[in-house]
K.L.:
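Before I ask anything, let me first share the structure, which is written out below as structure tokens.
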2 protein chains.
Amino acid sequence: MHCNKVSRILPGMKPTPDPQGSLATRLQAAVQGRGQRWTEQRQLIADVLAASDGHATGAELVERVRAADPSATPSTVYRTLDLLEELGFASHHHGVDGRETYHLEEVLAHGHLHCQGCGAEVELDAAAAKPILAAIERVTGYAADLDHLSLQGRCPSCRAAAAR
Amino acid sequence: MHCNKVSRILPGMKPTPDPQGSLATRLQAAVQGRGQRWTEQRQLIADVLAASDGHATGAELVERVRAADPSATPSTVYRTLDLLEELGFASHHHGVDGRETYHLEEVLAHGHLHCQGCGAEVELDAAAAKPILAAIERVTGYAADLDHLSLQGRCPSCRAAAAR
DNA sequence: AACCTTATTGCAATGCATTGCGATAGACTA
DNA sequence: TAGTCTATCGCAATGCATTGCAATAAGGTT
């Protein structure tokens with residue numbers, strides 16, 4: 001399974017935004033530190049993900065990686081994304097349609113808000129989400145993962161339209 | 001697309017838990033009211049969904065329906081589930097693994113909480129979720145859809161373990 | 001340099017969900 | 001009852017994500 005791996009990220013294991021080493025360097029160190037290898041393909045996949053720094057679905061990433069290196073296969077791409085996720089350098093969440101969307105942790109962790117009326121998709125940064133996460137913790141005791149927070153509902157303008 | 005159809009459910013269109021007509025009767029009325037047809041297969045699919053009143057993934061529902069009527073195909077099952085959803089009688093959300101989980105609206109709308117540590121999955125009823133939805137509205141203006149609320153994080157005991 | 005161990009990769013197959021299309025069958029009209 | 005319109009269904013194909021397995025390549029050891 002794919003998602004369960006996320007749970008292996010323990011507090012403190014997340015990469016500290018180190019002004020020193022580049023992303024690639026830090027990635028390499030993290031991977032090799034686990035007795036694993038830093039390959040060209042992994043480098044490429046990380047580059048592609050970094051280049052599409054907003055969000056990209058798994059399929060999009062596969063496509064872009066294959067554009068740069070046709071020998072790369074989907075399995076390798078997905079496995080590498082899993083790896084990056086285990087290491088806390090990337091994360092993914094499931095969009096409205098259940099498809100995966102990946103992004104680098106570099107981009108501050110954030111949640112997603114989807115309007116069922118107009119389809120608008122807005123992001124929720126850590127500061128904005130704070131009260132929400134606090135409410136969740138108060139009610140449930142859970143420390144919710146902002147990055148997997150994918151809310152659906154109706155945006156203010158659609159609510160106004162519906163109330164009319 | 002699948003999910004977008006949910007947005008067609010307007011406030012007030014949801015079926016009121018009417019002690020009169022059975023679920024089947026109300027469904028039939030709703031479907032025929034739209035100039036559509038109430039078929040045996042649809043009846044069967046609704047029955048199966050009602051029988052698995054907790055939650056069931058799309059694949060599970062397909063399997064159960066086919067057990068009762070081998071002539072039914074996945075496409076029919078999924079299309080019917082979409083229909084039930086459009087009518088507000090059912091809903092689905094995407095679990096941690098991105099797979100779909102359906103349930104009848106009969107079962108009170110509720111959210112889901114998944115612990116990334118131990119995998120525990122707990123439900124969140126409307127009352128418990130109220131403060132959370134309120135916080136979301138305060139911060140974002142969005143009226144979040146409780147039913148699509150699928151949170152991930154760490155449960156209290158896993159948090160305690162991690163803090164150790 | 002030859003060797004061993006193990007991570008990584010590509011390939012092919014699988015599963016779930018979705019969609020287009022032609023065939024069928026239901027409902028309604030005359 | 002015959003005829004028309006259109007919703008529904010089954011089939012086959014497609015797309016995305018995942019996994020098992022065998023071949024390969026990388027890294028370290030002697």
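Lettering of chains follows the sequences in order, A, B, ..., and the numbering in each one begins at 1. We use all heavy atoms of the structure for the numbers below, so side chains are in, but hydrogens, waters and symmetry mates are not.
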K.L.:
Taking salt bridge (Lys or Arg N to Asp or Glu O under 4.0 Å) as the test, write out the residues that go with B:Glu63, two or more places apart.
P.N.:
none
K.L.:
Check the distance between C:dT8's P and A:Leu44's CG and give it to me in whole angstrom.
P.N.:
16 Å
K.L.:
Can you pull the salt bridge (Lys or Arg N to Asp or Glu O under 4.0 Å) pairs that have at least one residue in residues 65-80 of chain B, sequence neighbours excluded?
P.N.:
none
K.L.:
Taking the inter-plane angle between the rings of A:His92 and A:Tyr102 on a 0 to 90° scale, is it parallel (under 30°), tilted (30 to 60°) or perpendicular (over 60°)?
P.N.:
tilted
K.L.:
Starting from P on C:dC16, measure out to CG on B:Leu61 and report it in whole angstrom.
P.N.:
12 Å
K.L.:
Please compare B:Gln32 and B:Glu60 by the position of their nearest nucleotide in DNA chain C and report the one closer to 5'.
P.N.:
B:Glu60
K.L.:
Grab the NE2-P distance between B:His92 and C:dC16 for me, whole Å please.
P.N.:
16 Å
K.L.:
Quick one, give me the B/S/- string for nucleotides 2-9 of chain D, reading 5' to 3', where B means a protein heavy atom under 4.0 Å from the base and S means that only happens at the primed atoms, P, OP1 or OP2.
P.N.:
----BBSB
K.L.:
Between B:Ser75 and A:Gly58, who's closer to the 5' end of DNA chain D by nearest nucleotide?
P.N.:
B:Ser75
K.L.:
In whole angstrom, give the distance that lies between atom OH of A:Tyr78 and atom P of C:dC16.
P.N.:
17 Å
K.L.:
With A:Thr39, which residues qualify under side chain to side chain donor-acceptor pair (under 3.5 Å), at least two apart?
P.N.:
none
K.L.:
If the condition is side chain to side chain donor-acceptor pair (under 3.5 Å), which residues does A:Arg42 pass it with, not counting sequence neighbours?
P.N.:
none
K.L.:
How would you list, by chain and number, every residue that makes a side chain to side chain donor-acceptor pair (under 3.5 Å) with A:Glu137, sequence neighbours excluded?
P.N.:
B:Arg159
